[in-house]
Amino acid sequence: MAGTSFVRKELMGQTPPPMTSAGIIGWLRQNLFGSWMNSVLTILSVGFIAIILWEVLPWIVRSSWTASSLRECREAIDLAWGDHVDGACWAVIRERYLQLIYGFYPSEQYWRANLAFILLLVSLAPILFPALPRQMLWFSAAFPFLCFWLLWGGTLWLPIVAALGFAVGYLAFIAANRAAGQLAGAIAALLAPVVWWIWLAAPVSRGLDSVIGIGIEPVESAKFGGFMLSVTIGITGIALSLPIGILLALGRQSGLVILKSLCVGFIEFIRGVPLITLLFVASTLLNIFMPPGTNFDIILRVVIMVTLFSSAYMAEVIRGGLAALPKGQFEAADSLGLDYWKRQRLVIMPQALKISIPAIVGNFIGLFKDTTLVSIIGLLDPIGLTNNIRADVNWNGIVWELYGFIALLFFIFCFSMSRYSMYLERKLNTDHR
Amino acid sequence: MAMTSEMTGDRFRLSMLIYDTRYRSQTIQVVAMIGFMLLAAWLITNTVQNLSALGKPIDFSFLGEPASYDINQRLLEYTSRDTHLRASVLGLINTLLVAAMGCVTATIVGGMVGILRLSRNWLISRLMAIYVEGFRNVPVLLWIILVMALMIESLPAPRAFRGENATASLQVFDSVAITNRGVYIPEPLFSRGLGDVSVFGAFSISLDLIVFLAVLGAGIWAAAWVRKRADRIQDSTGVRPVTWWQRIGLIVIPPVIVLTALGFQLGLPALKGFNFAGGIYMRNSLIALWLALSLYTAAFIAETVRGGILAISKGQTEAAAALGLRPRRIMGLVILPQALRVIIPPLISQYLNLTKNSSLAIAVGYMDITGTLGGITMNQTGRELECILLLMLCYLALSLGISAVLNWYNERVKLKER
């Protein structure tokens, strides 16, 4: 009996997987030709990609970089590649790219815009990447004033005096706190800077300027344009709308009926109207709402409206984050004896903001894209400039090159923002999965 | 018990308004209210002062004056002698038109892209990802202007259709003309038409259209009733009667009869002089706005759909597979009905966004409400405050209306938890 058993004594060597399910063929079968439906889709998309590349690549390559008008471009392309060849006329970008980036900013002052942009990156770095030293945040706090001065020029004393408003508020808080208690301190901390900014800042800076004049050549807002304008409006709007949005969301969540209805009214009103109507308000009505004789800068007016618009959306996003938090978090914070603001700052907001990161960044991207709407009220952002360029006799009829360039730049900005939000989400993820 | 002894002697003191949590919230509210009212009062006084200095107190009578500008894309009759009010109403209808067209296309494209992006086919899911990222990360205004510029620059002019050796020709059995001025599609004509019916003495609407829609609606309702009856019979007997031919017949046959009775024929666009005549004319601005808005919003809807489908746990798919359902039925019977509940609320806000983005029509010269009331009327009359106020009210009403209708729908399909 024992001699006839067929029990194998040793393990068989592993055989490689069949050819059709491993390697490239296996991958193809699994991912591209899994079923006949899949195969049809694959063939269709390969065909589509092939057609696009067939059309687009020659168009990009058979191009002309040096010409001063569209007709010259076409002639140069015909000369180089034969008649009736369609090619891109990149010459328009070569001629106008400085304008598309800086608008009509004086060219000898470009360094100021460049410096401001580099400093912007430096000041953003500690906010975006916590690994960097925390002391850098002081520079981030000073950056808005520095940036304002670099871009608009004028006397250095104005931003310094404006920044001093915060110091004034702090000093007032200390003094009033010591003299009359915390509440008086809070009120003083609110009132003193307002008084400072409205009545004292201008004469003080003028006085300082007449004593020691430090300044650079002022540039008026009408000369701002191109991506510089988009980034200026976008970044300011982003930086201001987040804190306002948080306050609005807290107001909407609070049990104080009047406060809550004010917040709800504001949010729903802003969310119900398109941004363009708010920009109309900025361009025509905002001066009417101010005391007679006030006439303030158009970019400032636009920034105010864009910020209001964005903060209403931000409030809704953050409210979503707040609603997603389990009630236990609020109760746990209460049971620790934290007061309202400490509870929000230490327990609620870090979690709520973390939950809503994707939506917050989505809002930022939306805000940045929406800055193009200022072209409708006559500001010369990239799209406003394309209208100028296309109205130029030389470049009349140009489409893809111009819009493609602008679209590419916007894409780079927005896509990197969304990638950053994904990185942040991964990094802050505390799920133990 | 120091605290209780203090509490018993509790009398109201002024400082308790601030330091006692029972009263503090009231204090904050009153202060906020006073602050708000002061702000409002300040703004209103400023406005009144400024307006009286400019010599134009708030006055809406300009709405009754002749508009004296033309609206080139319109659904109702209008001449430049009509009032600003009528021009605004036509603008509002144009807004609704492009919003409705955009929502339908965006939903179809977005739904398809969203599902295809989840496809196991590597190539197609990458292609869809490129589409979504490409459209989402570029401003919608850029898309609108780009499509408009492309239409103007690259489509044939009407005169290219003319002559012996025409360089362009009509599409789809010689019935659709695609030109750089817009698209001409066949229009329905009725040789035995019923004429128009007047609404409030202001607008006249084709009675033929109303009759056709009524018959079609009745047919759909009857088909739904037949289906419900089949459901009932299946529930009680276990055998489902074959009803598909009844339902198709109920939907198709009555409208066909009505159309024949009314003498239906297609009015084809034809070249007359320098331009096309006949047919329904959709201006290039309408087409550009519609295409750009729907493709842009479709990218967002695709992400919504994808997120909704991914939100359904894998166990549902597996459970359905364990019941022996095939992949397509799993999608249709198990995943989509659940995903829809996740998808609808963000979908509503995408529709609202599309409607609000349609205000960018002003950049390509489509006469929606922003182009009429907020554009030419405002510039002609110089009544900025009144125009912008009305404009905002219109959009507010539109937004609230759309969200009310869709929220009602959402309530209906929402999971009823017991």
Side-chain angles (χ1 to χ4, degrees), chain A residues 27 30-32 34 38 41-42 44-46 48-49 183 254-259 262 268-269 271-278 280-281 284-285 287-292 294 365 368-373 375-376 382-383 386-387 390 397-400 403 406-407 410-415 418, chain B residues 18-19 25-26 28-30 32-33 36 42-43 46-47 49-51 53-54 116 119-124 126-127 133-134 136-143 145-146 149-150 152-154 352 355-360 362-363 370 374 378 384-385 387-388 391-392 395-400 403:
Chain A
W27 186 87
Q30 213 165 29
N31 291 305
L32 298 181
N38 244 340
L41 280 178
T42 305
L44 280 181
S45 21
V46 167
F48 177 73
I49 295 170
L183 185 85
S254 79
L256 312 177
V257 183
I258 298 176
L259 212 58
L262 284 181
E268 292 304 329
F269 169 70
R271 276 161 40 94
V273 298
L275 177 57
I276 188 71
T277 57
L278 293 176
F280 282 156
V281 170
T284 59
L285 287 185
N287 279 337
I288 292 183
F289 294 149
M290 292 292 125
T294 330
I365 294 174
F368 187 63
K369 286 186 295 180
D370 280 346
T371 58
T372 51
L373 266 63
S375 64
I376 292 178
I383 293 197
T386 59
N387 295 339
R390 292 184 63 232
I398 203 137
V399 180
W400 277 112
Y403 290 117
I406 297 170
F410 268 106
F411 182 83
I412 291 170
F413 270 105
C414 299
F415 192 65
S418 73
Chain B
I18 295 160
Y19 292 111
S25 59
Q26 260 64 26
I28 294 174
Q29 299 215 60
V30 170
M33 196 64 211
F36 173 72
W42 184 67
L43 290 177
N46 286 337
T47 312
Q49 273 181 0
N50 279 318
L51 285 180
L54 287 171
L116 283 181
S119 155
R120 240 177 286 161
N121 189 321
W122 183 85
L123 205 56
I124 203 97
R126 285 311 123 95
L127 267 183
E133 293 298 341
R136 278 205 312 173
N137 287 313
V138 173
V140 61
L141 182 60
L142 184 75
W143 287 122
I145 297 181
L146 174 65
L150 282 178
I152 292 177
E153 301 292 348
S154 57
L352 289 175
T355 312
K356 282 182 282 175
N357 280 337
S358 73
S359 62
L360 297 179
I362 197 170
T370 315
M378 183 166 90
E384 291 95 0
L385 186 68
C387 284
I388 292 180
L391 188 61
M392 284 181 158
Y395 276 110
L396 217 52
L398 211 58
S399 301
L400 293 179
S403 61

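Below, chain A is the first sequence line, B the second, and so on; all start at residue 1. Scope of the values below: all heavy atoms of this structure, side chains included, with no hydrogens, waters or symmetry mates. No experiment lies behind these values; they were computed from the predicted model shown.
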Which residue out of [options] racks up the most heavy-atom pairs below 4.5 Å with chain B?
options: A:Ile49, A:Asp370, A:Val46, A:Leu259; result: A:Ile49
options: A:Ile398, A:Ile288, A:Val273; result: A:Ile288
options: A:Val257, A:Thr371, A:Ile406, A:Ile365; result: A:Val257
options: A:Pro291, A:Ser45, A:Gly397; result: A:Pro291

Is [X] in contact with chain A via its backbone, its side chain, both, or neither, using a 4.5 Å heavy-atom distance?
X: B:Ala53; value: neither
X: B:Ile28; value: side chain
X: B:Leu123; value: both
X: B:Glu153; value: side chain
X: B:Leu142; value: both
X: B:Ser119; value: side chain
X: B:Ile152; value: neither
X: B:Leu43; value: both

State the [atom1]-[atom2] distance between [X] and [Y], to the nearest 0.5 angstrom.
X: B:Leu396; Y: A:Glu268; atom1: CG; atom2: CD; value: 9.0 Å
X: A:Ile276; Y: B:Ile388; atom1: CD1; atom2: CD1; value: 10.0 Å
X: B:Leu146; Y: A:Trp400; atom1: CG; atom2: CH2; value: 4.5 Å
X: B:Ser25; Y: A:Ile258; atom1: OG; atom2: CD1; value: 10.0 Å
X: A:Lys369; Y: B:Trp143; atom1: NZ; atom2: CH2; value: 11.0 Å
X: A:Leu41; Y: B:Asn121; atom1: CG; atom2: CG; value: 6.0 Å

So B:Asn137 and A:Phe368, do their side chains get closer than 4.5 Å, heavy atoms only?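 A side-chain contact is absent here, since even the closest heavy-atom pair is not under 4.5 Å.
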When you measure from the side chain of B:Lys356 to the backbone N and O of A:Arg271, does any donor-acceptor pair fall under 3.5 Å?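 Here the side-chain-to-backbone pair exists.
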Using heavy-atom distances under 4.5 Å, tell me whether [X] contacts chain B through its side chain, its backbone, both, or neither.
X: A:Leu285; result: side chain
X: A:Leu262; result: side chain
X: A:Phe269; result: both
X: A:Thr284; result: side chain

Mind telling me whether A:Trp27 and B:Trp122 have parallel, tilted or perpendicular rings, with 30° and 60° as the class edges?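 Ring orientation, 0 to 90° scale: perpendicular.
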CZ (A:Phe415) with more than 12 external heavy atoms under 6.0 Å: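 Yes, CZ of A:Phe415 has more than 12 neighbouring heavy atoms, counting only those of other groups under 6.0 Å.
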